[in-house]
Amino acid sequence: MKTTILSAIFLLAVGATAHAGDIYVSVTGNDKAAGTTAEPLLTVDAALRQAREWRRLGDERAAGGINIILKGGTYSLDRPVFIRPEDSGTPSSPTVIRSCGDTPAVISGGTGVSGWRRGSDDPRLPAHVRDKVWVSDAPTWNGRIVYTRQLWAGGRKAVRATQFATPYTMERMAAFSPEDESITIPTPAADLSDAAQLEMTVHQRWAIAILRVREMRDMGNGHTRVWFQQPESRLEFAHPWPQPVIDGERGNSSFCLGNALQLLDSPGEWYQDYPSGRIFYYPEEGEDMTSARFTVPVLDNLVNISGTRERHVTNIMFENITFMHSAWARPLYEGHVTLQGGFRLIDAYKLATPGLPHKARLENQAWIARPEAAVAARFASDITFSNCRFTHIGATALDLEYAVSSSAVSGCTFTDIGGTAVMAGYFGEGGFETHIPYSPAVPADLCSRLTISNNRIDDATNEDWGCAAVSAGYVSETDIVQNEVSNVNYSGICIGWGWTPRESGMRHNRITGNNVRDYAKMLYDAGGIYTLSNQPGSVISGNTISLPAEAPYATNSRAFCIYFDEATDGFTVENNIMPEPLFGYNRPGPALIVKD
């Protein structure tokens, strides 16, 4: 019902813009131009400023709404687009940012890599590939060398140099030692003694950790002991959930080494040297290095919709826009140790004596930070993304972070997403200990009346495997309906946070009519649909969910079509289609009704 109402509002708003003021933007425009179709502006920033002035001065061209019309092309940003309360429209006069015609305009946070030259005599390269590898100097951006974790070659995401020939291949560790903060692994075939930027990706149940290697010591028995940089070493070994498993049902937890020139030995791989910034690339067969286009991202955030509690951003619409090339570089500088869902740990440790006032059995505490997002909104309402495309994204694609209401994401496509495709709601990040039940002092701060519908999400979580296709935390009256979800490494659709039976404002959420498949490809303790905590009046119905994938490095088989994780309550679950009724339960509440 809510989707129908929002669609009607959207159509009325679009109809109202028939006599709207139009501002044109072109990649060949000029920000001193008039903004007409014959004399377009150059940047989205300039168009927003012109629209802002029309509204401030009461210009009649704003009466029926304002269309900011982007002609086809790629708009490479030098800073994020900042949309503030002064840019707000009204229900009868929205601000619409859309492509001109059927050709989508591209908002990009990337820059090109050029000047490739064949061959390298760097002795760290395996000898048999030195004449096959190409080298380029790192691009500079705003006067500085760009250091990156992502490289796209001709539109394909290249693979950072890895220990094994194919991505997502791992090996079982031998030991995990919190006492001296080390991991023992089978001794690598390559000599990595001088691989200064080496990283270890660790598989730990429902999450991963990315640890920068500080020291490796060959123990002489076929095993090597590895120690790590700070701050990630302390976080990795101090927090109990999740940690790697030794002697699990299906073996020990797994790892993979990467980001070393010594490991650049397969077509399609690349490596960036530090501090020189040089980029090394091993072309795939038939790849023409003289004509292929290479891109690295420079901006974490492309669009920042940021209001305040007192003054929200309202009535902004994006139509048929492509958002592309956002970065996720932070693990280069501080590693990446997560609690769940891509939320990295700021601090965490095990309690010597379990128990806190709100949870007698709690044996750990954790403080987390939110992942970076290409497009983010906070303190906003009536924000719409329609028929947009998000691709080549380093972390989260679209995040409705905090105090966002009456907003919709519909008919959009999400592909090649490093983290979560669509995130919504507060997750107890920052100084708020994440296990404490959240109840905002200002009720309107809770994200509410959101609709995420008819989107296609494929190939998300390809950098941080512990993220999801759709992840909603503390939200109410939120509809996640009729989405196509596929090819994710953890859960498909997640809703809820807090691990609590208490009421915390989450209520009347609906997950209906979605098609979820090819999930839990690498991690476990997962679900095609995954829930947490008490959400009275909520519904999970009419979804089609495949069986979870066979995660090859899982240490047990905890993956389900629908997983009711800790303290899930208040849902009615019915009429879902699954190959078999594969449910997981972790201390559910008494008001959970499962009719399937």
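Position 1 is the first residue of the sequence; numbering continues from there.
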Quick one: do Trp497 and Phe343 satisfy ring-ring contact (aromatic ring centres under 6.0 Å, His included)? Show the steps, please. CA-CA 12 Å; Trp497 198 251; Phe343 286 84; 5.6 Å; yes
Checking side chain to side chain contact (heavy atoms under 4.5 Å, CB included) between Phe564 and each of Val594, Asp569, Leu532, Ile529, which is the one that passes? Val594
With the threshold set at 4.0 Å, does a side-chain nitrogen-carboxylate oxygen contact exist between Arg378 and Asp399? no
When you check the gap from the basic side-chain N to the acidic O, do Arg587 and Asp565 get nearer than 4.0 Å? no
Quick test of your reading: applying salt bridge (Lys or Arg N to Asp or Glu O under 4.0 Å), list the pairs with at least one residue in residues 354-368, sequence neighbours left out, ordered by first then second residue. Lys359-Glu566
Roughly how far, to the nearest 0.5 Å, is CD1 of Ile210 from CD of Glu334? 11.0 Å
Answer yes if the ring centres of Tyr563 and Phe583 are under 6.0 angstrom apart, and no otherwise. no
CG/Leu345 to CG/Leu339 distance, rounded to the nearest 0.5 angstrom? 5.5 Å
Restricting to non-hydrogen atoms, name the atom on His312 and the atom on Thr308 that form the minimum distance, rounded to 0.1 Å. CD2-O, 3.1 Å
Quick one: pull up CH2 in Trp241 and NZ in Lys350 and give me the separation to the nearest 0.5 Å. 8.0 Å
Donor-acceptor side-chain pairing of His239 and Asn364 below 3.5 angstrom: no
Salt bridge (charged side-chain N to carboxylate O under 4.0 Å, His left out) between Glu429 and Arg344, worked out: CA-CA 9 Å; Glu429 62 262 30; Arg344 71 183 186 275; over 6 Å; no
What do the steps show when you test Ser541 against Glu574 for side chain to side chain donor-acceptor pair (under 3.5 Å), and what is the final call? CA-CA 5 Å; Ser541 70; Glu574 60 186 346; 5.6 Å; no
Just how far is it from atom CD1 of Ile305 to atom CG of Leu398, taken to the nearest 0.5 Å? 8.0 Å
Electrostatic pair Lys521-Glu550, nearest N-O below 4.0 angstrom: no
Checking Asn252 side chain against Asp247 main chain: does a donor-acceptor pair fall under 3.5 Å? yes
Ile452 and Asn483, any side-chain heavy atoms less than 4.5 Å apart: yes
Ion pair present between Asp525 and Arg205, side-chain N to carboxylate O less than 4.0 angstrom? no
What about Phe427 and Tyr438, are their ring centers closer than 6.0 Å? no
Which atom of Asn315 lies closest to which atom of Ile383, heavy atoms considered: N-CD1, 4.4 Å
Under a 3.5 Å cutoff, is there a donor and acceptor pairing between the side chains of Glu236 and Gln243? no
Thr314 side-chain N/O to Asp382 backbone N/O, donor-acceptor pair under 3.5 Å: no
Determine yes or no for a side-chain-to-main-chain donor-acceptor pair under 3.5 angstrom, with Glu580 supplying the side chain and Leu582 the backbone. no
Check for a donor-acceptor pair, side chain of Thr461 on one end and backbone N or O of Gly419 on the other, with a separation under 3.5 Å. no
Decide yes or no on side chain to side chain contact (heavy atoms under 4.5 Å, CB included) for Arg510 and Thr478, but give the supporting numbers first. CA-CA 6 Å; Arg510 298 171 63 247; Thr478 288; over 6 Å; no
Parallel, tilted or perpendicular: ring planes of Phe390 versus Phe323, cut at 30 and 60 degrees: parallel
In short, Cys561 meets Met578 closest at the heavy-atom pair CB-SD, 3.3 Å
Kindly compute the distance separating CD1 (Ile480) from CG (Asn509), expressed to the nearest 0.5 Å. 7.5 Å
Distance, nearest 0.5 Å, that separates CD1 of Ile540 from CD1 of Ile495: 8.0 Å
Ring centres under 6.0 angstrom apart (Tyr530, Trp206): no
Is Glu232 salt-bridged to Arg212, going by a charged N under 4.0 Å from an acidic O? yes
Arg449 vs Asp479, salt bridge (charged side-chain N to carboxylate O under 4.0 Å, His left out): CA-CA, chis, key distance, verdict: CA-CA 8 Å; Arg449 301 185 304 281; Asp479 289 354; over 6 Å; no
Plane angle bin for Tyr426 and Tyr474 - parallel if under 30°, tilted between 30 and 60°, otherwise perpendicular: tilted
Trp499 and His358 aromatic centres sub-6.0 Å: no
What are the two closest heavy atoms between Val313 and Ser88, and how far apart are they? CA-OG, 3.3 Å
Backbone N or O of Val516 within a donor-acceptor pair of the Asn514 side chain at under 3.5 Å? no
